[in-house]
Structure formats: structure tokens, C-alpha cells
**Q** 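Handing you this structure, nothing more for now.
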Amino acid sequence: ALLGAYAARHCTALPLSPLRSLLLAALDSSVAVRKQAVHALDALLLRHAQDENVQQHWIAGVLPRIIDPEPSMQSLVADLVEQHVVRDAL
């Protein structure tokens, strides 16, 4: 629902792929849309952990949010990085 609203406001053509749409949503001015996009990218990574395309989109969409102006986004991304990167490395 959030991505549909995002597309209706910001896109003049259909997005090339759902992953690309999530990357665009991760840049939205709305914190709620950015959080939803990050959660969606994370859910895709959990379900398709071996898919390099999903991995690349997770990196491109989630990691830059570590310097998001919203502290709750920074915290969310820090938790996800700890879960997927730090713990997996140990």
C-alpha cells in the first residue's frame, strides 16, 4: 500500500522492477515509506539470501540509511547490519 502511494506520487512510468521500486522508496522523504522499504528489502534478503541481485539491492537500499537524518532509521539499519553482517562474520 505504501509503495503504491509512493508510485502514484512520484513515478510517471511503471518501475522496471520491484527491487528498483524499493530502492526508490528507501530514498523517500517520508520516514514511514523509508522504513517500509528497508523492511521489505530485508524480508526479501531473508527469503532469497543466495540471490545476488537481492543482496546488491539490499546493500544499495539499506546500508546508506545508516546515515539517515532520522535516528529511528539509523537504529533500524544498525540492527540489520549487526544481524546480517556482524553476526554472520563471527
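Just so you know, these numbers come straight off a predicted model, no measurement behind them. When reading the values below, keep in mind they use all heavy atoms of this one structure, side chains included, and skip hydrogens, waters and symmetry mates.
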**Q** Counting distance only, does the side-chain N/O of Gln55 pair as donor-acceptor with the main-chain N or O of Ala49 below 3.5 Å?
**A** yes
**Q** Might you point out which heavy atoms bring Ala26 and Ala37 nearest each other, and give the distance in Å?
**A** N-CB, 3.6 Å
**Q** Test Asp68 against Val77 for side chain to side chain contact (heavy atoms under 4.5 Å, CB included), laying out the working first.
**A** CA-CA 9 Å; Asp68 195 277; Val77 172; over 6 Å; no
**Q** So, His48 side chain and Leu44 main chain: donor-acceptor pair closer than 3.5 Å or not?
**A** no
**Q** If you apply the rule side chain to side chain contact (heavy atoms under 4.5 Å, CB included), what do you find for Leu46 with His84, and how did you get there?
**A** CA-CA 9 Å; Leu46 290 171; His84 294 295; 3.4 Å; yes
**Q** Would Ser30 and Lys35 count as having a side-chain donor-acceptor pair, cut-off 3.5 Å?
**A**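 Result is no, nothing qualifies.
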**Q** Is any side-chain heavy atom of Leu24 less than 4.5 Å from a side-chain heavy atom of Arg20?
**A** yes
**Q** Which heavy-atom pair separates Asp42 from Trp58 by the least distance, and what is that distance?
**A** OD1-NE1, 3.3 Å
**Q** As an exercise, state the distance from CD of Gln56 to CG of Asp51, rounded to the nearest 0.5 Å.
**A** 9.0 Å
**Q** Give the minimum heavy-atom separation between Gly61 and Pro64, together with the two atoms involved.
**A**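 Minimum heavy-atom contact is C-CD, 4.1 Å.
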**Q** Give, for atom CG of Leu76 and atom CZ of Arg65, the distance between the pair rounded to the nearest 0.5 Å.
**A** 11.0 Å
**Q** Taking a hydrophobic cluster as the set of Ile, Leu, Val, Met, Phe, Trp and Tyr residues connected by side-chain heavy atoms closer than 4.5 Å, whether directly or through intermediates, do Val38 and Ile66 fall within one such cluster?
**A** yes
**Q** Find out whether Glu70 and Arg34 are in side-chain contact, i.e. whether some heavy atom of one side chain is under 4.5 Å from a heavy atom of the other.
**A** yes
**Q** Start with the C-alpha gap between Leu19 and Leu23, add the side-chain angles, then the distance that decides, and say whether side chain to side chain contact (heavy atoms under 4.5 Å, CB included) holds.
**A** CA-CA 6 Å; Leu19 288 172; Leu23 286 180; 5.9 Å; no
**Q** Please evaluate residues Leu41 and His57 with respect to the criterion side chain to side chain contact (heavy atoms under 4.5 Å, CB included), reporting the C-alpha separation (whole Å), side-chain torsions for both, the decisive distance (0.1 Å), and the verdict.
**A** CA-CA 8 Å; Leu41 286 165; His57 280 79; 4.3 Å; yes
